[in-house]
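Small disclaimer: the values here were computed from a predicted structure and weren't measured. Residue numbering restarts at 1 for every chain, and letters A, B, ... go by the order of the sequence lines.
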Number of protein chains: 2
Amino acid sequence: MTANPTTRGRAYRGVSIEQRRAERREKLIQAGITVFGSTGFQGTTVRALCAEAGLTERYFYESFSNSEALLRTIYLRLTDQIRERVSQAISGQQGQPDAMADAALRSYFEFLHEHPAAARVIMTEIMGVSAEVDALYRRVMNEFAGFLLTVFRGLHPERPAHPVQDALIATGMIGALVNMAMRWLLNDFKESVTDMVTASRFILIAVNNQLALPEP
Amino acid sequence: MTANPTTRGRAYRGVSIEQRRAERREKLIQAGITVFGSTGFQGTTVRALCAEAGLTERYFYESFSNSEALLRTIYLRLTDQIRERVSQAISGQQGQPDAMADAALRSYFEFLHEHPAAARVIMTEIMGVSAEVDALYRRVMNEFAGFLLTVFRGLHPERPAHPVQDALIATGMIGALVNMAMRWLLNDFKESVTDMVTASRFILIAVNNQLALPEP
DNA sequence: GTAAAGTGACATCATCTGTTGTCAGAATAA
DNA sequence: TTATTCTGACAACAGATGATGTCACTTTAC
């Protein structure tokens, strides 16, 4: 009855148990992006996720307690990727505000264009799943808004901070970018990336200019 | 076997069949707002809707083919109400652009504040339900963006129209308003209506001012 | 008064799906 | 070689729920 501790968790096909688990988990994450992004979260069953991943249910529950947990993992993964790409794009244009905005927006819209399934997951499938997922969404959006707020403050160091107003305005800006992206996605990326960048930059510049005006 | 055509669809408790059906349908709509707005669309069963409405399942299927059909009806009802309230608010400030924006934004945020369950339905529960509901959402959002576009064009009649850019910017503005409202809702309406109006008006004015500038 | 229509409570059916369990065969350790 | 572990295919179980049906009772039409 008692298992031999020396042989538990051993290698298989020359691969350690940790790596096998990590590879299965990764397969499930990629499958989740594909399936959630096509069938939608609601229409997705654990069986379908496993079929896409080429694994069986047992391995699903090895890595995730349920499909909502997988969705949360995917959402964090994708938003981290966006954060990283945008950060890299910005750092490449160090010190030039206009070029920074352009690079950041372009990297954002290009990411969505290159990964439409991922775009669908983070734009629409994430919403209305549960209170917990809603809270996660809200938290991530707030982080993006906070990032934008930091940038704006850096551009207007002399302007007195209005915590409530500034946070709301940053939230509005993030909402503008998200809604433009959502419309773009649902319209099958009809417009060019350049059009998306131009329009979104217009809005950011407009707010930036308004922030530069003396207050009434 | 053959029913008597003269007695089918007769009055009951002094109420015609049309009116009885309409009353039951209305009860279901109100129950849907309450239940979808608290439990969420996903967590809602037909049984729960009927219990809240004080009706039985038979009468649910008398008016709606399924709960998604009820959601669509509710969404159209609520967005119509917002449209009407905003239009009324604007028409009361005929000709004064700043007062118009103020009145429109105030009526919008006040509506959400007064009807939190309705706000949740139109902000989060409507998303990711099905392709059909997504399309409805997109269509309504486009209508609101079109409305905003009309207003902006009226304020800048001399500016040449850029169909793609203008539509994208209007979409962005609507997204800003929706995201601010969503954050407000998920934060239990922590900020005052006046704060919401002030911040959102700031964004609209910023874009309006940018539209007034000569193009590069 | 009586038959037909309307109502409400509830049963029922069928299906779906999350989750766990079984088992035979492949790979490994000793 | 042999016992143990790992894997994959699939069975099985339990619960939920959409949708429809049953039936006793109420109301209406004539």
Round to the nearest Å and state the distance from [X] atom [atom1] to [N] atom [atom2].
X: F60(A); N: dG8(D); atom1: CZ; atom2: P; answer: 16 Å
X: Q19(A); N: dC6(D); atom1: CD; atom2: P; answer: 16 Å
X: Q42(B); N: dT17(D); atom1: CD; atom2: C1'; answer: 14 Å
X: L49(B); N: dA19(D); atom1: CG; atom2: C1'; answer: 14 Å
X: N66(A); N: dT17(C); atom1: CG; atom2: C1'; answer: 13 Å
X: F64(A); N: dT19(C); atom1: CZ; atom2: P; answer: 14 Å
X: Y59(B); N: dC10(C); atom1: OH; atom2: P; answer: 15 Å

Requested in this report: Check the pair Y12(B) / I17(B) against side chain to side chain contact (heavy atoms under 4.5 Å, CB included), numbers first and verdict last.
Outcome: CA-CA 7 Å; Y12(B) 198 81; I17(B) 182 150; over 6 Å; no
**Report entry** Partner residues of E18(B) under the salt bridge (charged side-chain N to carboxylate O under 4.0 Å, His left out) criterion, sequence neighbours left out
**Finding:** none
Query raised in the report: Using the ring of each side chain (for Trp, its six-membered ring), is F41(B) parallel, tilted or perpendicular to F36(B), with breaks at 30° and 60°?
Result: tilted
Requested in this report: Over 60° means perpendicular and under 30° means parallel, so classify the ring planes of Y137(B) and Y75(B), tilted if in between.
Outcome: tilted
Query raised in the report: Are E68(A) and R72(A) within salt-bridge range, i.e. N to O under 4.0 Å?
Result: yes
Query raised in the report: Would R85(B) and E114(B) pass as an ion pair if we require N to O under 4.0 Å?
Result: yes
Requested in this report: Examine R83(A) relative to F144(A) and say whether NZ or CZ is less than 6.0 Å from the centre of the six-membered ring and inside a 45° cone about the ring axis.
Outcome: yes
Report task. Please tell me which of V15(B) and G43(B) maps to the more 5' nucleotide of DNA chain D, matching each residue to the nucleotide holding its nearest heavy atom. Result -> G43(B)
Report summary line: Per nearest nucleotide of DNA chain D, the residue lying toward the 5' end, S67(B) or E62(A), is E62(A)
Query - dA29(C) phosphate, OP1 or OP2, under 4.0 Å from R8(A) side-chain N/O - result: no
Query raised in the report: So does Y61(A) get a side-chain nitrogen or oxygen closer than 4.0 Å to the phosphate oxygens (OP1/OP2) of dG18(C)?
Result: no
Query raised in the report: So which of residues 29-41 of chain B are in contact with DNA chain C, with a heavy-atom cut-off of under 4.0 Å?
Result: none
Value rounded to 0.5 Å, distance of [atom1] in [X] from [atom2] in [Y]:
X: M182(B); Y: L185(B); atom1: CE; atom2: CG; result: 8.5 Å
X: T34(B); Y: L49(B); atom1: OG1; atom2: CG; result: 10.0 Å
X: S38(A); Y: R120(A); atom1: OG; atom2: CZ; result: 7.0 Å

Under 3.5 Å, which N/O atoms of the protein pair with N/O atoms of nucleotides 22-24 of chain C?
none

Requested in this report: Using side chain to side chain contact (heavy atoms under 4.5 Å, CB included) as the criterion, list what pairs up with T150(A), not counting sequence neighbours.
Outcome: none
Requested in this report: Looking only at side-chain atoms of I17(A), point me to the closest of dG8(D), dT7(D), dC6(D).
Outcome: dC6(D)
Query raised in the report: Are H115(B) and F111(B) close enough that their ring centers fall under 6.0 Å?
Result: yes
Query raised in the report: Has E84(B) got more than 12 heavy atoms of other residues, nucleotides or ligands less than 6.0 Å from its CD?
Result: no
Query raised in the report: Which part of the nucleic acid, if any, lies within contact of R21(B), taking any heavy atom under 4.0 Å across all strands shown: a base, the sugar-phosphate backbone alone, or nothing?
Result: nothing
Query raised in the report: Do you know which two heavy atoms are closest between I82(B) and L112(B), and how far apart they sit?
Result: CD1-CD2, 4.4 Å
Please list, pair by pair, any protein nitrogen or oxygen found under 3.5 Å from a nitrogen or oxygen in nucleotides 11-15 of chain D.
from	atom 1	to	atom 2	distance (Å)
dA12(D)	N6	R47(A)	NH2	3.0

Would you tabulate the pairs of protein nitrogen or oxygen atoms and nucleotide nitrogen or oxygen atoms of nucleotides 25-27 of chain C closer than 3.5 angstrom?
from	atom 1	to	atom 2	distance (Å)
dA27(C)	O4'	Y12(A)	OH	3.0
dA27(C)	N3	R10(A)	NH2	3.3

